[in-house]
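A short write-up of the structure that comes next.
Bear in mind that the values here come from a model prediction, so they are computed numbers and not experimental data. Values below: all heavy atoms of this structure, side chains included; hydrogens, waters and symmetry mates excluded.
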Amino acid sequence: MEGSTHRKRGARNQDPDIRLSKLLSYALRHGAVTLGLPIGSDGFVPVSSLLTLPQFRSFSQGDIERVVRCNDKQRFTLRSSTPESQLEIRANQGHSLQVEVDLTPVGTELPAQAIHGTYLRHWSSILAYGLSRMKRTHIHLSTQLPGEEVVSGMRRDCEVAIYIDLPKAMADQIPFFWSANHVLLTPGNADGVLLPKYFLQALQLRPQRRLLALE
């Protein structure tokens, strides 16, 4: 009971823009159908429909526009075809909903590295079975480690960085794409998995840096 009360108090004290960003992420990536939102096949939802939901009623269209404009990882896209048409919003990646977002296939110019960030508690399972997209449509990869700068596709607090052999995976017909905000994505194989044979190395980032065994 105390834990529940603490979580509720923490949510109330959370920065409003962070809270709004989290609400948008859930609604646009996962919850649109459950929430009764009209969502297009391309993932766009009318801003006006979002603002009718109880959890969004303390926010305005201006709040949403500011969060989208200032979001350091560019998680969302706003569009309006004409000044008179309604404003719509979409998450750029991370969906469990089946939507068709703008993805660009990775071509012959590959990034220098492809990294998946995770937590140490998941490492033994990942080493045994591979990276799974879980309920999402894609596995998220980054092209750099988290540091001073903002890194798209990886949590700042991740504990393990798994380096992926992109050429080997692509040679096995595993597709890779760039999202609109330059996150590297892959659906994995037919089972939604990127197998351990594509792991180049695994680096534990904290509490101290060290290589983890791949066998």
Using the rule that two of Ile, Leu, Val, Met, Phe, Trp, Tyr join whenever any of their side-chain heavy atoms come within less than 4.5 Å, decide whether [X] and [Y] are in one cluster.
X      : Y      : value
Phe44  : Val67  : no
Val33  : Val45  : yes
Tyr119 : Leu145 : no

**OP:** Go through the steps to decide whether Asp165 and Lys197 satisfy the test salt bridge (charged side-chain N to carboxylate O under 4.0 Å, His left out), and finish with yes or no.
**Re:** CA-CA 9 Å; Asp165 189 336; Lys197 67 178 181 178; over 6 Å; no

**OP:** May I have the step-by-step check of side chain to side chain donor-acceptor pair (under 3.5 Å) for Thr77 and Asn92, ending in yes or no?
**Re:** CA-CA 7 Å; Thr77 294; Asn92 285 325; 2.6 Å; yes

**OP:** Would you check, one step at a time, whether the test side chain to side chain contact (heavy atoms under 4.5 Å, CB included) holds for Phe176 with Leu166?
**Re:** CA-CA 9 Å; Phe176 290 83; Leu166 209 58; 3.3 Å; yes

List the atom of [X], the atom of [Y], and the distance in Å for their closest heavy-atom pair.
X      : Y      : result
Ile139 : Gly192 : CD1-O, 4.2 Å
Leu127 : Ala213 : CD2-O, 3.7 Å
Pro167 : Leu110 : CG-CD1, 3.8 Å
Pro46  : Pro38  : CD-O, 3.3 Å
Pro111 : Thr143 : CB-CG2, 3.8 Å
Trp123 : Ala202 : CH2-CB, 3.4 Å

Under a 4.5 Å cut-off applied to non-hydrogen side-chain atoms, are [X] and [Y] in contact?
X      : Y      : answer
Gln86  : Val47  : no
Leu50  : Leu24  : yes
Trp178 : Leu103 : no
Ile162 : Tyr198 : no
Asp63  : Phe56  : no
Leu212 : Gln201 : no
Phe199 : Leu131 : yes
Met170 : Val106 : yes

Please report the interatomic distance [atom1]([X]) to [atom2]([Y]), rounded to the nearest 0.5 Å.
X      : Y      : atom1 : atom2 : answer
Cys158 : Gln204 : SG    : CD    : 11.5 Å
Leu141 : Phe177 : CG    : CZ    : 12.5 Å
Ser58  : Arg19  : OG    : CZ    : 4.5 Å
Leu185 : His95  : CG    : NE2   : 10.5 Å
Leu37  : Leu28  : CG    : CG    : 8.0 Å
Tyr163 : Leu203 : OH    : CG    : 5.5 Å

Original post:
Does the distance from a Lys or Arg side-chain N to an Asp or Glu carboxylate O, for Arg206 and Asp157, drop under 4.0 Å?
Top reply: no

Original post:
Do Asp42 and Arg90 sit within salt-bridge range, that is, some charged N less than 4.0 Å from a carboxylate O?
Top reply: no

[Y] backbone acceptor or donor facing [X] side chain under 3.5 Å:
X      : Y      : value
Glu159 : Leu120 : yes
Thr186 : Pro175 : yes
Arg133 : Pro187 : yes
Asn189 : Asp191 : yes
Ser21  : Asp17  : no
Arg57  : Thr52  : yes
His116 : His140 : yes

**OP:** Take atom OH of Tyr129 as the centre, draw a 6.0 Å sphere, and report whether it contains more than 12 heavy atoms from other residues, nucleotides or ligands.
**Re:** no

Original post:
Does CD in Gln208 sit with more than 12 non-hydrogen atoms of other residues, nucleotides or ligands closer than 6.0 Å?
Top reply: yes

Original post:
Given the rule in the side chain to side chain contact (heavy atoms under 4.5 Å, CB included) test, do Gln93 and Thr137 qualify, once you have shown the distances and angles that lead to the verdict?
Top reply: CA-CA 9 Å; Gln93 90 284 320; Thr137 53; over 6 Å; no

Original post:
Is there a side chain to side chain contact (heavy atoms under 4.5 Å, CB included) between Ile164 and Ile115 once you walk through the steps?
Top reply: CA-CA 6 Å; Ile164 305 301; Ile115 309 167; over 6 Å; no

Original post:
Would you call the rings of Tyr26 and His30 parallel, tilted or perpendicular, where under 30° means parallel and over 60° means perpendicular?
Top reply: tilted

**OP:** Walk me through it: do Ser25 and Arg75 pass the test side chain to side chain contact (heavy atoms under 4.5 Å, CB included)?
**Re:** CA-CA 8 Å; Ser25 292; Arg75 290 187 175 96; 4.2 Å; yes

